[in-house]
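To keep things clear, I will list the structure first and then write my remarks on it.
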Amino acid sequence: MTLQDVLLSVVGLVAVAGGVAVVTTKQLVRAGLWLVVALGAVAVEFLLLGAEFAAWVQVLIYVGAVVVLLLFAVMLTRAPIGRSSDLDRPALPATLVGAASGLGLAALFVGVFGQFQVPAPAVGTAERIGDSVFGAWVLPFEVLSILLLAALVGAIVLSRPAAPAPQDASADAVAQGSSR
Amino acid sequence: MSIPGAGLGKGLAVTLKTLVTPSTTQQYPDVAPELPPRSRGVIALREENCTVCMLCSRECPDWCIYIDSHKEEVVVPGAARPRQRNVLDRFDIDFSLCMYCGICIEVCPFDALYWSPEFEYAEYDIRDLMHDKDRLGEWMATVPPPPPHDPLGEPSKEETAVAKRASAS
Amino acid sequence: MIRPVIPLVTAALLFGLGAYGVLRRRNAVLVLMSVELMLNAVNLVLVTGDTMRERVTGQVFALFVIVIAAAEVGVGLALVLRLFRLRQDINIDQVALDDEPRTGPPFAAPALADARSGAAAGAPTLDGEQA
Amino acid sequence: MTWDVILRVALVAVAFLTLPLIVGQTEHKVMAHMQARLGPMYAGAFHGWAQLIADGVKFAQKEDVTPRAADGPVFRLAPAVALLPYLLVLLVIPLGPGDLVGQQLDVGLFFVLAVVGVGVIAVLMAAWASANKYSLLGGLRAAAQLLGYELPFVLSAASVAMAAGTLSLPGIVAAWQPWWLLWQLPATIVFFVSGLAEIRRPPFDMPIADSELVFGYLTEYTGLRFAFFLLAEYVGIVVISALTAALFLGGWHGPWAESVGWLWMLLKTGAVAFVVIWLRVSWPRLREDQLQRLCWLVLVPLALAQLVLTAGVRVALG
């Protein structure tokens, strides 16, 4: 075990512990905060693996934007302080699938890469990634931009209040329209 | 058509101008404030002038003047019978009630009450704001002389009276 | 020297946790959070793969995944808020695909900190419409 | 090597502890004089220079209250989360030419943008954990604000990174030329405005909005935890001012930059911080929807146009 191994293990443990808390906590907003811990730990793993750029993108997009959006949504809907009792479904199928996929994959990785060692990566620069993105992967990149645009438009359309109800609509529709 | 943002710029200009203008704040405990004449600080009592007519006490809107007195016979030599005179026993002003309207000073017919500009008589106990006649008398020393007459204003009653008498004779 | 098996196992466990969460959780936002965990596990595998092969292809893919995740969360949360507006609840068990909007006044009392939440009185809740 | 690292971290810590106090004191005095007052005059004898120290002592003596309905751990953790990102950002801001920076980072700009954005999580934590509707409203405003300003913030920073051809902060400052002041002017304005929104300073202090929301997400905080939030606000001013100075105003560039470059950087940072204070005194608070309108209809198009311009000039210059 080298120093990097130890750090990777510790940070990995933090990530897994955060993940466990996300899927088991009974408190809605705390789940979001634990998600910050898990995602932040993954970002640190990226750093340790030499993927500096990916790490900061992870922090910027995930911790800075995605989690904020999630927390925002949680608070906009229903976020009591303290435990909620109706968050979970029956445990058995989920446990089975989760344990099978997680432990199975883990066993597979251990079996294949168990004793595999690679030299510690140098800290990567943004330049190589830029070359790669705008060289080999420029077409997927452009497709991704279109996807983002479509998602943006879709989100706006979805969250827009419905058009005002016509005059002869039922009382129900009027009640809904007036409440907006 | 106004330039967009002109108002914002004006706001910035105003604050910047105020910033470079020296502030005129007086640092009160270090620097004595320059009070205007006729400042209403505290009410002073000239006890000798008081005849216990009770006008001030009765006119006071919040009833903060307390007066007690008794009558005394004064034998005046040469007079047929002794005169009666009011003697002031108590003259208290409760400055925790006083609203500094100055009506008592206005109505006093014998100039027994005066405004003094002293204002530093705060107390830790509200009961200490009740000033008795001795304390009110001490304030007399701080009463400023009356301001000189406005040279362009009407002459005082006394002056007109004297002038009239002189012209009549 | 590092052992890539460590981040890989971390990723596998995170993925398992995410899968568990997606199946276990009833609240739509919590399901989205679990999906994020799974996506992150995949990212971790991709970046670890880079370390083993000394290329940046995996990182590029990880970036793509992150961007897609952001888009997914945007649309997903729009859906969740829409659902909340219609039903005052984001419990995904209660949503039938041919569901009609709940009739009656849209702001029935139980929208906020209701009895089921078991929250302390005055727990901060808002309804979506006003935002 | 190790000593070098320790020295750098210590210097950054000193900057972290002193610069916000200086900015805070400047705010006291400048704001007072802009309102035709004198401001603090007594603490520390000469023009109240020790006022903030006195404030700190006062805060330390206050009772630390956690409301009964609050989510205790989250409530208590939030001030630290608010402070940490700005401390990390200070590490990578270049002070002078050569190696005068806490930590050289190849993707420094990206790091800064990523970490600064984390601060809003502290706001959400504080807002939600307070169990107070005004706090929650403040937090929601802060989150909504983030959605507005984050995009122009990143886009305008991307413009200058594109102009310099590097993501490293010292690299950007080194590549800076005086004519960039004109060329990057729209980006400067966009960055500064969205930076103001980022640190929730007036005129973008809707999450606090004392006239509407009591004190927004800070309503329930007392004592040292409140002081931490205040400190975070002032460090935020330092960070945004220093970033604006480094990215757009040329950082250490100026006469005799080799020897007194750090002084130029500090002066420029101070000048920007002064503007931040000046705006607070002069302008009224925007409404939340006005901020969204400003961000999406003015700042984002402006930043995109600037990006096009930057790319065009870069291509034209070869």
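Residue numbers begin at 1 in each chain, while the letters A, B, ... track the order of the sequences. Values reported hereafter were calculated over all heavy atoms of this structure, with side chains retained and with hydrogens, waters and symmetry mates removed.
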Result block: side-chain N/O donor-acceptor pairs under 3.5 angstrom for residues 135-149 of chain A, not counting sequence neighbours:
from: A:S145; atom 1: OG; to: A:F141; atom 2: O; distance (Å): 2.9
from: A:S145; atom 1: OG; to: A:E142; atom 2: O; distance (Å): 3.1

Side-chain heavy-atom pair A:F53, C:L63 within 4.5 angstrom cut-off
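Yes, side chains in contact.
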Go through [options] and name the one with the most non-hydrogen pairs under 4.5 angstrom from chain C.
{"options": "A:V157, A:L108, A:T24, A:L48", "answer": "A:T24"}
{"options": "A:V112, A:L96, A:V22", "answer": "A:V22"}
{"options": "A:V133, A:V42, A:L70", "answer": "A:L70"}

Determine yes or no for a side-chain-to-main-chain donor-acceptor pair under 3.5 angstrom, with [X] supplying the side chain and [Y] the backbone.
{"X": "A:E45", "Y": "A:V11", "result": "no"}
{"X": "C:R25", "Y": "A:V23", "result": "yes"}
{"X": "A:S101", "Y": "A:G98", "result": "yes"}

Show, in sequence, the C-alpha distance, side-chain angles and deciding distance for C:V75 and A:L152, and conclude whether the side-chain contact (heavy atoms from CB on, under 4.5 Å) test is met.
CA-CA 7 Å; C:V75 178; A:L152 185 71; over 6 Å; no
Heavy-atom pairs under 4.5 Å with chain A - which of [options] has more of them than the others?
{"options": "C:T10, C:V22, C:D50", "result": "C:T10"}
{"options": "C:V67, C:V9, C:V80", "result": "C:V67"}
{"options": "C:L14, C:V29, C:I66, C:V45", "result": "C:I66"}
{"options": "C:N40, C:L77, C:T57", "result": "C:N40"}

Interchain contact, [X] with chain C, by part (heavy-atom threshold 4.5 Å):
{"X": "A:A54", "result": "both"}
{"X": "A:L35", "result": "side chain"}
{"X": "A:A38", "result": "side chain"}
{"X": "A:Y62", "result": "side chain"}

Can you give me the closest heavy-atom contact between C:V47 and C:Q59, atom names plus distance?
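Minimum heavy-atom separation between C:V47 and C:Q59: CG2-CG, 4.4 Å.
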What is the minimum heavy-atom distance between A:V67 and A:G32, and which atoms define it?
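Smallest heavy-atom distance, with atoms named: CG1-O, 3.9 Å.
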Sort [X] into side chain, backbone, both or neither according to what part of it lies under 4.5 angstrom from a heavy atom of chain A.
{"X": "C:L79", "value": "both"}
{"X": "C:E36", "value": "both"}
{"X": "C:A70", "value": "both"}
{"X": "C:V73", "value": "side chain"}

Measure the [atom1]-[atom2] distance between [X] and [Y] for me, rounded to the nearest 0.5 Å.
{"X": "C:T48", "Y": "C:L44", "atom1": "OG1", "atom2": "CG", "value": "4.5 Å"}
{"X": "A:L8", "Y": "A:L49", "atom1": "CG", "atom2": "CG", "value": "5.5 Å"}
{"X": "C:E72", "Y": "C:L32", "atom1": "CD", "atom2": "CG", "value": "6.0 Å"}
{"X": "A:L92", "Y": "C:L23", "atom1": "CG", "atom2": "CG", "value": "11.5 Å"}

Assess whether side-chain contact (heavy atoms from CB on, under 4.5 Å) is satisfied between C:V42 and C:F61, documenting all intermediate values.
CA-CA 10 Å; C:V42 173; C:F61 269 73; over 6 Å; no
Within residues 12-19 of chain A, residues adjacent to chain C where the heavy-atom gap is under 4.5 Å:
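A:G12, A:A15, A:V16, A:G19, listed by number.
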